[in-house]
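Read the structure below first, then the notes.
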Amino acid sequence: MNQAAHIADYSTLTLTGGEAIVEILERAGVGPMFGMGGFQLLPFYDAVRRKGLTHHLINDERCGAFAADAWARVSGRPGVCDATLGPGATNLVTALVESFNAGIAQVVFVGDTHRDHSWKNMTQETRQLDILRPAVKDVIRVERSSRVPEAVRRAFAVATSGRPGPVVVDVPEDIAHESFDYPLSDLWIDPATTRFPAYRSRPDARAVEKAAAAIAKASRPLLLVGGGIHISQAYEALQAFAGAHSIPVAHTLSGKGAIACVHPLSIGLFGRYSRIANELIECSDCLIVIGCKLGEIATKRFQLFNGAAPIIHIELLPEEIGRTTRTDHALVGDARLALEDLSAALHGAAATSRAARSDYAAEVTARMAKWRKGAADRLLSDEVPINMGRMLNELNNEMPAESVLVADGGFAAHWGGLLYDTKAAGRRFVADRGFASIGYGLPGAMGAQMAVPDQPVVAITGDGGFNMTIGELETARRVGTPFTLMIVNNAASGYIKALQHSMYGAYQSADLVEMNYAEIASDFGCHGIRVEHPDQLAPAIRAANAERDRPSVIDVVVTRDPAKMLPGVDNRTLKITKGDRPV
């Protein structure tokens, strides 16, 4: 070792703990950060300023974590947000559960009390780590200043490896503020952990061979794809496998975009809402489930599958295998690698399979055409107030292939999942289905737009969801994110009102005040457009897409009739079982 290298090994840099965090974040190439500062993390904020990293003040910590979540989904890199101790930390919980359940990597810095005075009734002190721990993949508390770089590296490694998820780094006040001489050799990060998934694993080769044999025997196999396809970014592998063997592809709300919805092998959503997928599941002789937990919605409350067709389940977490549905062939590993291994195992049978399943593939096209004809009354509706089916159809017509649609919880996801057509594979449809919280639409649109600044981003949210997060319209205007927020204005908590209608025919605590959200958006300095007639939809979408300097809000006045609020294009007769959830 030469003398210069030897000297470099022992060089140090005097930093506060907050500055040391930022040193590692800079080396990680961190994207936009979101947070609301407090005294505990002031050294972190000052270091961000001096380094010139991007950080945005938000008006509610939950929205900061939602924005970081959406940015992570679209960029494929861990989101970063922060909060001060106490109420700042506890405000994160809902959004962190979303990321945890959906497998989205986040690194979250939370300030905490000075350790010399902890549990002396410090201002805003609470058992915040006990509250946060069930909501995240891991909690890492920094107990020594010397270990700050290690803690941040560890947070990125845990957040991006295996099934990704959020990780909280708890930073006591004294750790953030006190100085330490950090060895330069300790200021590094593994570049593999700056994207997710960081490290992939393959399924057992013998299990792959058995699953391949089951697929080869099948005449009507189906691919059922969940959100894991996006985490793995297995789009090319899926399309190659489905195309080579003429296997139709259905998706969950989270799996939408696994292949383009306009692809001839796409059969759309399955589960609680369906185009043609549920019918094909019933007559399938082999089901290939990919990155899907087969939860309540995907299985119609665990009643969808007939139990006759063998099930192949590709899943990263072994504990998810067989949790809700019997599995005959478990392929535990990364979705992309598992599909590539299945393709290799079936390579010699591809031509024969395509020929044998040609009529089956053609059946998809015919069934989908029939479904579209049956849905035309909503997709082409001239109703006033506006039918949501028409609203989604206008989005299908106007949004380009590279656009991203963010769907809030409730109606936005239900209608969007059923009727919106992605025109290219990828994260073109972002829905918060990990926890299905209302209020994701606005902050989600902001985070998604930052990930793809040159692409059109449109979000759908209800008036109730917008009311929850309206303060972030100020953030979006300040930041200059030019997304379009389409508000489903039905003057109600629509999903609840529709359920009350179907079950009781009467309503309680379901109505909102009639509001003009276009005027409210204009008062925020944003581009506001009010749409009251379906013919105004297309021009409004075009005008919003053309606005690239500030957010646009399209206030769409939709039906007030609770009997028409559910996306029942294919479910016009609602069957209700006492004590069960009908939709």
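Computed from a predicted model, the values in this text were never measured in an experiment.
- The backbone N or O of M565 lies less than 3.5 Å from a partner atom in the side chain of W415, making a donor-acceptor pair.
- The nearest pair of heavy atoms linking H414 to P567 is CB-CG, 3.7 Å.
- To the nearest 0.5 Å, the span separating CE on M368 from OG on S266 amounts to 5.5 Å.
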Side chain to side chain contact (heavy atoms under 4.5 Å, CB included) between I297 and Y273, intermediate numbers included: CA-CA 8 Å; I297 292 177; Y273 299 114; 6.0 Å; no

Step-by-step side chain to side chain contact (heavy atoms under 4.5 Å, CB included) determination, L419 to N393: CA-CA 7 Å; L419 298 181; N393 196 50; over 6 Å; no

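- At least one side-chain heavy atom of Q106 sits less than 4.5 Å from a side-chain heavy atom of C81.
- Contact annotation: the side chain of L395 approaches that of I460 to within less than 4.5 Å [non-hydrogen atoms, C-beta and beyond].
- Every residue meeting the side chain to side chain contact (heavy atoms under 4.5 Å, CB included) condition with P164, not counting sequence neighbours, appears here in chain and number order: A105, F196, I231.
- Under a 3.5 Å cut-off, the side chain of S522 and the backbone N or O of A518 do form a donor-acceptor pair.
- A donor-acceptor pair under 3.5 Å links the side-chain atoms of Q449 to the main chain of Q455, judged by distance alone.
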Verdict with reasoning, L25 to F44, per side chain to side chain contact (heavy atoms under 4.5 Å, CB included): CA-CA 11 Å; L25 292 179; F44 164 82; 3.8 Å; yes

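- For L132, the side chain to side chain contact (heavy atoms under 4.5 Å, CB included) test picks out A89, V93, L96, V110, V168, with sequence neighbours left out.
- At a threshold of 4.5 Å between non-hydrogen side-chain atoms, the residues F429 and V404 do not count as touching.
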Worked check of salt bridge (charged side-chain N to carboxylate O under 4.0 Å, His left out) between E320 and R323: CA-CA 5 Å; E320 293 295 340; R323 176 187 282 203; 3.5 Å; yes

Full working for side chain to side chain contact (heavy atoms under 4.5 Å, CB included) between M450 and T54: CA-CA 11 Å; M450 290 181 191; T54 302; over 6 Å; no

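- With sequence neighbours excluded, the residues satisfying side-chain hydrogen bond (donor to acceptor under 3.5 Å, both in side chains) with E398 are R542.
- Evaluation of the ring-ring contact (aromatic ring centres under 6.0 Å, His included) rule for Y420 yields no partner, not counting sequence neighbours.
- Remark: the backbone N or O of P534 is not paired with any side-chain donor or acceptor of D382 at under 3.5 angstrom.
- When atom types are taken as modelled, the side chain of R390 and the backbone of L537 share no donor-acceptor pair closer than 3.5 angstrom.
- Within the structure, salt bridge (Lys or Arg N to Asp or Glu O under 4.0 Å) pairs that include any residue of residues 489-503 comprise K497-D511 (at least two apart or interchain).
- By the salt bridge (charged side-chain N to carboxylate O under 4.0 Å, His left out) test, E61 is found to be paired with no residue, residues two or more places apart in sequence or in another chain being considered.
- Contact annotation: the side chain of K564 never approaches that of V558 to less than 4.5 Å [non-hydrogen atoms, C-beta and beyond].
- Between C292 and L224 there is no side-chain heavy-atom pair separated by less than 4.5 Å.
- Among all heavy-atom pairs drawn from T252 and L269, the shortest one is C-CD1, 3.4 Å.
- No donor-acceptor distance shorter than 3.5 angstrom exists from the side chain of K293 to the backbone of G226, with no hydrogens or angles considered.
- To the nearest 0.5 Å, atoms OG1 (T484) and CD1 (I529) are separated by 7.5 Å.
- Atom CD1 of I520 is separated from atom CD1 of I487 by 7.5 Å, given to the nearest 0.5 angstrom.
- Under a 3.5 Å cut-off, the side chain of D138 and the backbone N or O of A155 do not form any donor-acceptor pair.
- Under the rule for a ring-ring contact (aromatic ring centres under 6.0 Å, His included), the partners of Y235 that lie at least two apart in sequence or sit in another chain are H230.
- Shown here are the salt bridge (charged side-chain N to carboxylate O under 4.0 Å, His left out) partners of R163, two or more places apart in sequence or in another chain: there are none.
- Side chain of Y517 to main chain of V556: no donor-acceptor pair is present (N/O by atom type, distance under 3.5 Å, no hydrogens or angles).
- By the salt bridge (charged side-chain N to carboxylate O under 4.0 Å, His left out) test, D421 pairs with R275, R372, sequence neighbours left out.
- The minimum heavy-atom distance linking A498 with L566 is given by the pair CB-CG, 3.8 Å.
- Side-chain atoms of D69 do not come within 3.5 Å of backbone N or O of A65 as any donor-acceptor pair.
- Considering all non-hydrogen atoms of both residues, F66 and S437 come closest at CZ-OG, 3.9 Å.
- Among residues two or more places apart in sequence or in another chain, the side-chain hydrogen bond (donor to acceptor under 3.5 Å, both in side chains) test is passed with T461 by D408.
- Considering only heavy atoms from C-beta on, N278 comes within 4.5 Å of K300 through its side chain.
- Contact detail for Y440 and A407: the closest heavy-atom pair is CD2-O, 4.5 Å.
- Here the straight-line distance linking atom CG of N91 with atom CZ of R62 works out to 8.5 Å at 0.5 Å rounding.
- A distance of 6.0 Å separates CG of L238 from CG of L223, quoted to the nearest 0.5 Å.
- Side chain of T160 to main chain of F156: a donor-acceptor pair is present (N/O by atom type, distance under 3.5 Å, no hydrogens or angles).
- Rounded to the nearest 0.5 Å, atoms CD1 (I470) and CE (M515) are 7.0 Å apart.
- The shortest distance between side-chain heavy atoms of D170 and Q128 falls below 4.5 Å.
- Within a 6.0 Å radius of CZ in R550, more than 12 heavy atoms belonging to other residues, nucleotides or ligands are found.
- Residues in residues 82-100 take part in these salt bridge (Lys or Arg N to Asp or Glu O under 4.0 Å) pairs, two or more places apart or across chains: R73-E98.
- The neighbour count for E236 CD, taken as heavy atoms of other residues, nucleotides or ligands under 6.0 Å away, does not exceed 12.
- Look at R560 and E514 and you find a salt bridge, because one of the NZ, NE, NH1 or NH2 atoms lies within 4.0 Å of a carboxylate O, short of that distance.
- For the residue pair A72 and P78, the shortest heavy atom distance occurs at CB-C, 4.3 Å.
- Considering only heavy atoms from C-beta on, C261 comes within 4.5 Å of H251 through its side chain.
- Remark: K137 pairs with no residue by the salt bridge (charged side-chain N to carboxylate O under 4.0 Å, His left out) rule, at least two apart or across chains.
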